[in-house]
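To keep things clear, I will list the structure first and then write my remarks on it.
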Amino acid sequence: MAAYLNRTISLVTGQTGPSANDKNSTPGTDTVDDSRHNLSLQPSASSTSANMSGISDNRMYQPNDKSPLQIFVRAKKKINDIYGEIEEYVLETTIFINALHADAEIVDKAERELFESYVHKVAAIREVLQRDHMKVAFFGRTSNGKSSVINAMLREKILPSGIGHTTNCFCQVEGSDGGEAYLMKESSDEKLNVVNIKQLANALCQEKLSESSLVRIFWPRERCSLLRDDVVFLDSPGVDVSPNLDDWIDNHCINSDVFVLVLNAESTMTRAEKQFFHTVSQKLSKPNIFILNNRWDASANEPEFQESELAKVKSQHTERCIDFLTKELKVCNEKEAAERVFFVSARETLQARIEESKGNPPHLGAIAEGFQIRYFEFQDFERKFEECISQSAVKTKFQQHSSRGKSVSGDMRSMLDNIFERITIFRNLKQDQKNLLTERIQGTETQMMQVTREMKMKIHNMVEEVEEKVSKALNEEIWRLGVLIDEFNMPFHPERLVLNIYKKELNAHVESGLGSNLRARLSMALAMNVESAQTEMTDRMHALVPNEQLLTNSAKLAVRTQPFEMLYSLNCQNLCADFQEDLDFKFSWGITAMIQRFTGKVRERTKKQTPALLNRQSSIGHTVVTPVSTPVESTPVCLLPGSGVGGITPEQLSVISRFALSSIGSQGTVGGLVVAGIMLKTIGWRVLVGIGALYGCIYLYERLSWTNSAKERTFKSQYGRHATKKLKMIVDLTSANCSHQVQQELSSTFARLCRTVDTATTDMNEELKTLEAQLNVLESNQKQLKLLRNKANYIQNELDIFEHNYIAPQ
């Protein structure tokens, strides 16, 4: 401070070199007071006008970026940039949380609403930051020069000033971005021409406003550096006009960074002025207060006062002001208070600056001697005011916002940490489900292959067993076919038409009887075996399906609406269609019947001997037998072909029998006579007649007993032999058909169960894909949460740097 005052003195006295006092002086209250007292003893305006002509206003030409107010400007820009990032971060986080809100297991409604509330909070803070500015409020009695001080600081006469009560309401001067000046009344958006300020603010005008009302004056920023640096000036009515001081403070002063008490240097501080600032200090914690003793130029117009007496008056005023700040208000210490008391002439400074804006020397606006001292005193006030308001505004306006930004980012980071932990737990749960489901799918496929092999083998064995049982049972039923035929009791008649109906009904009876007998013997056991196999298949296949819902669906697919029933397709009607009955009478003791009976017995004996001969020949093999001469037996040579009687064919036998009958029946046959003669000679005619009579009786008996009943028995016997022969031909086919039915039933059941398992496996694969998609989403969410947490840390670091650069040094 002392160095600054010495430098000011050197400029005034024309010294360009550094003063020796600049190096040795130290800041202090005494130094400041002495310097200010010494300034009052400097040469007058007339003796230094030449020097002042070369001196210009330092603020006028000071680069804008070196002004202390730029600290607030840069801090405001920085905090706005940070809150822009905070707003983007909060919006991004809220959108992300709203997407997660669909899964109530991770984020509930309360958390989502809390995140959304941060969006509104940050938007409100940003809106406040846009309006934040450095505000200085000027108070004092009526006509103390408050408006003149503001006009001097703005370097232009904006507010009305003059003798008497001029300002009857609060007038707030702030910068506007446009090139036009306008004003707005309270509770109105109408823009009025700024020339109407005299009609609205002048107490002498007929259109008066309430002393508590506010008129906002928007002045182009480029016309004033203070407005460009975001300083707002608040002019007030005199504190002696209205007793509503509390309303004034609450409505207009609560957000002020600096208060300027404008006193009249020609009088002392009044009770009203003290009372107002006592109220301010009660509502605000240690407000920044500057005291301007305005109209100090009046001291130069008092010739009866010597310089020593003026110094005493100035010292007296200074001491009272310091006591008021330190002892009564207790807002600062004595050293700080001494730096906040100034003796100026606002009207003189305004005139000098108006001249300076015209290109003239500042001293042309001087009112009385000592102009230079008062002018530099005003500049000193502006410099300290700028330093104080910048420091105060940054701290009061932005420290709270910085803390709130930290609180928002910290709370959101804490909530994101909790959500991250929940997602981690949820992801681990999903991962366990995926691993379990993968193992189930692999196990199901492996077990499915094993069960398929086992079921195929079981079906194969069961089919062979069914084929064997059906073949055995059908052979046994064929062996007892005569009993079944004998049970048929439909009336018999040898006529062709009736006989055809009889054969048709007999075929149906045999087919129905055989089917019933086979079903009685096999169907129940086979159905039980098939049902048991199906139950085993179902149990084995259901064991491969893990989901209860799939089990229900698979059970519905596997259950048959009707039990399995074996179908025996014999079709005797077509099978015995070629049956031709022989109902002609044939004597059982006739030559033909006897020959057939004899050849039949020989044939049976030959059949029994044939396997023994074959075995013997196979044992002999290809052994060479040495021929041995044997004596010729005295047996008659057989004229019939073949080896023995057993080799006679049925055709040969028929020819022989016919030849014998024809030989015997011919009257002129020599052989017949020879045979008859031999028998007559050997046995005798009586015996021969008796035998003939007996033979004839037997023939007559058989001929008379050849009735419809005998014919029916013969028919049934012939049909039984024919049906037996035909049925034996289809035993293998019928057993294969039955085994095929069982195979088809079991295979279809197994196929349905396989489809069920395939469906379950497909569902598990779909569920696995769903789990994989959920895991990918959860992993993406975790990455996004990490990114959001890192952004929160970044924002907190930015706020820490901001506090370190702009708030901590203060």
Side-chain angles (χ1 to χ4, degrees), residues 1-2 4-5 8-9 27-42 44 138-146 148-149 238-240 259-278 280-281 287-349 367-381 384-385 388:
M1 181 62 191
Y4 172 78
L5 293 175
T8 303
I9 295 171
T29 305
D30 298 335
T31 306
V32 172
D33 294 339
D34 293 342
S35 300
R36 289 181 177 175
H37 297 162
N38 293 333
L39 285 174
S40 64
L41 303 176
Q42 296 301 321
S44 62
F138 292 82
F139 289 93
R141 285 184 300 164
T142 305
S143 298
N144 277 6
K146 300 182 295 297
S148 299
V149 173
V239 295
D240 52 347
F259 293 87
V260 178
L261 173 58
V262 180
L263 299 176
N264 188 349
E266 297 178 300
S267 62
T268 185
M269 190 182 305
T270 63
R271 184 182 299 273
E273 293 167 326
K274 289 185 177 183
Q275 181 61 35
F276 175 79
F277 279 97
H278 275 293
V280 170
S281 64
N288 297 306
I289 301 175
F290 286 83
I291 299 177
L292 293 183
N293 291 279
N294 192 24
R295 298 182 180 177
W296 188 242
D297 57 305
S299 62
N301 297 325
E302 299 292 337
E304 66 273 10
F305 284 134
Q306 301 294 326
E307 292 182 358
S308 59
E309 292 178 356
L310 289 176
K312 290 180 181 181
V313 173
K314 185 175 183 180
S315 176
Q316 184 181 9
H317 282 313
T318 303
E319 184 177 355
R320 289 177 181 176
C321 292
I322 292 175
D323 290 342
F324 175 67
L325 294 176
T326 57
K327 296 180 180 180
E328 295 187 34
L329 298 182
K330 298 180 181 179
V331 295
C332 58
N333 55 36
E334 292 186 2
K335 179 180 179 180
E336 294 174 345
E339 297 287 334
R340 296 186 180 184
V341 179
F342 301 90
F343 294 84
V344 297
S345 175
R347 186 162 64 96
E348 189 178 49
T349 303
I367 298 176
E369 294 185 357
F371 161 73
Q372 297 87 354
I373 299 174
R374 292 188 297 272
Y375 189 68
F376 283 112
E377 184 88 357
F378 196 89
Q379 288 182 334
D380 188 26
F381 156 70
K384 292 180 179 177
F385 159 76
C388 179

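Remember, predicted model here, so these are calculated numbers, not experimental data. Residue numbers start at 1 and run along the sequence shown. These values consider heavy atoms only, across backbone and side chains, with no hydrogens, waters or symmetry-generated copies.
- Here the closest non-hydrogen pair linking Ala337 and Ile322 is CB-CG2, 3.9 Å.
- The shortest side-chain heavy-atom distance between Trp296 and Lys314 falls under the 4.5 Å cut-off.
- Between the OG1 atom of Thr270 and the CD atom of Gln275 there is a distance of 10.5 Å, given to the nearest 0.5 Å.
- Counting all heavy atoms, side chain and backbone alike, Thr326 lies closest to Cys332 at CG2-O, 3.4 Å.
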request  = Go through Arg340 and Cys321 one step at a time and tell me if the side-chain contact (heavy atoms from CB on, under 4.5 Å) criterion holds.
outcome  = CA-CA 9 Å; Arg340 296 186 180 184; Cys321 292; over 6 Å; no
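- Taking the side chain as every heavy atom from C-beta outward, Leu292 and Val149 approach each other to under 4.5 Å.
- Within the 4.5 Å cutoff, no side-chain heavy atoms of Leu263 are placed close to those of Arg141.
- Put simply, the side chain of His317 reaches to within 4.5 Å of the side chain of Val313, judged on heavy atoms.
- Panel note: side chain Asn264, backbone Glu266; a donor-acceptor pair is recorded below 3.5 Å.
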request  = Please test Phe381 against Phe378 for ring pair (Phe, Tyr, Trp, His ring centres under 6.0 Å), starting from the C-alpha separation and ending with a verdict.
outcome  = CA-CA 5 Å; Phe381 156 70; Phe378 196 89; 5.8 Å; yes
query = Could you go step by step and tell me if Phe342 and Ile291 meet the side-chain contact (heavy atoms from CB on, under 4.5 Å) rule?
reply = CA-CA 6 Å; Phe342 301 90; Ile291 299 177; over 6 Å; no
inquiry  = Go through it in stages, so that I can follow the logic: the residues are Phe139 and Val260, the test is side-chain contact (heavy atoms from CB on, under 4.5 Å), and I'd like the CA-CA distance, side-chain angles, deciding distance and then a yes or no.
reply    = CA-CA 6 Å; Phe139 289 93; Val260 178; over 6 Å; no
request  = Report the C-alpha separation of Arg374 and Val344 in whole Å, then their side-chain angles, then the decisive distance to 0.1 Å, and conclude whether the side-chain contact (heavy atoms from CB on, under 4.5 Å) test is met.
outcome  = CA-CA 5 Å; Arg374 292 188 297 272; Val344 297; 5.8 Å; no
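- The main-chain N or O of Ile367 is found under 3.5 Å from a side-chain atom of Glu348 such that the two form a donor-acceptor pair.
- Taking the side chain as every heavy atom from C-beta outward, Phe259 and Val280 approach each other to under 4.5 Å.
- Counting heavy atoms from C-beta on, the side chains of His278 and Phe324 come closer than 4.5 Å.
- Put simply, the side chain of Phe343 does not reach to within 4.5 Å of the side chain of Asn294, judged on heavy atoms.
- Residues Met269 and Arg320 fail the side-chain proximity criterion, which asks for heavy atoms closer than 4.5 Å.
- Defined by atom type and a distance below 3.5 Å, a donor-acceptor pair is missing between the side-chain atoms of Arg295 and Ser345.
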